[in-house]
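Hydrogens, waters and symmetry mates play no part in the numbers below; they use all other heavy atoms, side chains included. Residue numbers run from 1 in the order of the sequence given.
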Amino acid sequence: MRNQRRLTRGMQVLLLAIVGYGLLAGQPKAITNGAIAFGITLLPPLIERNYSLTLDPWLALWITTAVFLHTLGSAGLYAQLGWWDSITHAMSASLVAAVGYTAARSIDLHSDAIHVPRRLFFVYTLVVVLAFGVIWELFEFGLDVVTDLTGVTMPLAQFGLEDTVKDLLFNSLGAVLVAVFGQAHLTGVAETIGDRLFAAD
């Protein structure tokens, strides 16, 4: 547990360093990506404090790693390492899948009106991630249109049909990993969240 927290803190420090570099070098992309990523890493402790939820340190490390890898990619690794984008897509998709699974599972465990068969969770997780992936690619396409119209460089961009298909494939990989292992490692989180959300009922 202590090692996970140290790794999380270390990546948070590096994210702040990226923001600092952006301020000194006049790089708005580094400032934006670093600041947003750092803000996301603060969500687990805020949830623990405001909602009295005890989250596994591995979850905080998982979230921090995903946004940290994306920030490093935006800082130049996407252009230098062709496979970096695939890793970040798989990691981000796994987070989306985990959130979707946890939300549905917590409702399933605590609501008499809704029952989701265990076998259906696999399909549900894939559908959630694929839908989110399509929306994300459309968002990037929209930013490309804005760039063409205004000449302003956007922080995200598409790189052709092949890149889009590859992104969706690695999104699916992240979803499959969560769909396979989610019931073993996320059910406890879903139960805890459900207990808090449905306590008033």
Side-chain angles (χ1 to χ4, degrees), residues 11 15 18 29-30 32-34 36-41 43-44 58-108 116-150 152-187 189-190:
M11 284 186 281
L15 287 173
I18 291 174
K29 190 174 181 179
T32 302
N33 287 324
I36 292 175
F38 180 76
I40 292 174
T41 66
L43 289 178
W58 280 108
L59 293 177
L61 180 60
W62 186 4
I63 293 171
T64 303
T65 302
V67 296
F68 179 70
L69 292 178
H70 169 67
T71 303
L72 288 182
S74 299
L77 291 183
Y78 283 144
Q80 298 176 13
L81 303 174
W83 46 267
W84 194 269
D85 184 56
S86 300
I87 291 178
T88 58
H89 267 275
M91 283 292 297
S92 299
S94 69
L95 281 178
V96 173
V99 171
Y101 174 87
T102 302
R105 186 63 172 152
S106 63
I107 294 173
D108 176 58
V116 182
R118 292 174 65 89
R119 293 181 180 179
L120 188 59
F121 272 109
F122 185 92
V123 177
Y124 163 81
T125 304
L126 287 178
V127 169
V128 167
V129 172
L130 289 176
F132 186 87
V134 170
I135 293 172
W136 183 263
E137 295 300 325
L138 290 174
F139 173 67
E140 287 187 344
F141 177 76
L143 292 181
D144 286 346
V145 172
V146 173
T147 298
D148 291 339
L149 293 175
T150 65
V152 178
T153 302
M154 295 294 163
L156 299 170
Q158 286 187 318
F159 299 97
L161 179 61
E162 181 180 349
D163 179 69
T164 298
V165 172
K166 185 174 67 173
D167 289 347
L168 293 175
L169 285 174
F170 278 90
N171 287 348
S172 300
L173 174 61
V176 168
L177 291 175
V178 173
V180 171
F181 299 107
Q183 296 190 41
H185 298 282
L186 293 173
T187 299
V189 178

Side chain to side chain contact (heavy atoms under 4.5 Å, CB included) evaluation trace for F122 with V180: CA-CA 7 Å; F122 185 92; V180 171; 3.9 Å; yes
Identified side chain to side chain contact (heavy atoms under 4.5 Å, CB included) counterpart of V129 within the set N171, V178, V176: N171
By salt bridge (Lys or Arg N to Asp or Glu O under 4.0 Å) - contacts of D108 (at least two apart): R105
By side chain to side chain donor-acceptor pair (under 3.5 Å) - contacts of T88 (at least two apart): Y78
Side chain to side chain contact (heavy atoms under 4.5 Å, CB included) between N33 and I18, intermediate numbers included: CA-CA 9 Å; N33 287 324; I18 291 174; over 6 Å; no
Closest approach of A66 to M91 (non-hydrogen atoms, all atoms of both residues): N-CE, 3.9 Å
Pairwise side-chain contact, H89 with L173, heavy-atom cut-off 4.5 Å (strictly under): no
Closest approach of A97 to T125 (non-hydrogen atoms, all atoms of both residues): CB-CG2, 3.5 Å
W62-S94 side chain donor-acceptor pair, cut-off 3.5 Å: yes
Reported CG-to-CG distance for the pair L143 and L138, which is rounded to 0.5 angstrom: 11.0 Å
Side-chain touch D85/F170, heavy atoms, less than 4.5 angstrom: no
Side chain to side chain, I63 and L43, heavy atoms closer than 4.5 Å: no
L126 versus S172, closest heavy-atom pair with distance: CD2-O, 4.1 Å
Rounded distance [0.5 Å steps], CG in L15 versus CE in M11: 8.5 Å
Where V134 and L168 come nearest, the two heavy atoms and their spacing: N-CD2, 4.1 Å
N/O donor-acceptor pair under 3.5 Å between T41 side chain and F38 backbone: yes
I87 CD1 to S92 OG distance, which is reported to the nearest 0.5 Å: 11.5 Å
Contact summary for Y124 and G100, nearest pair of heavy atoms: OH-O, 3.1 Å
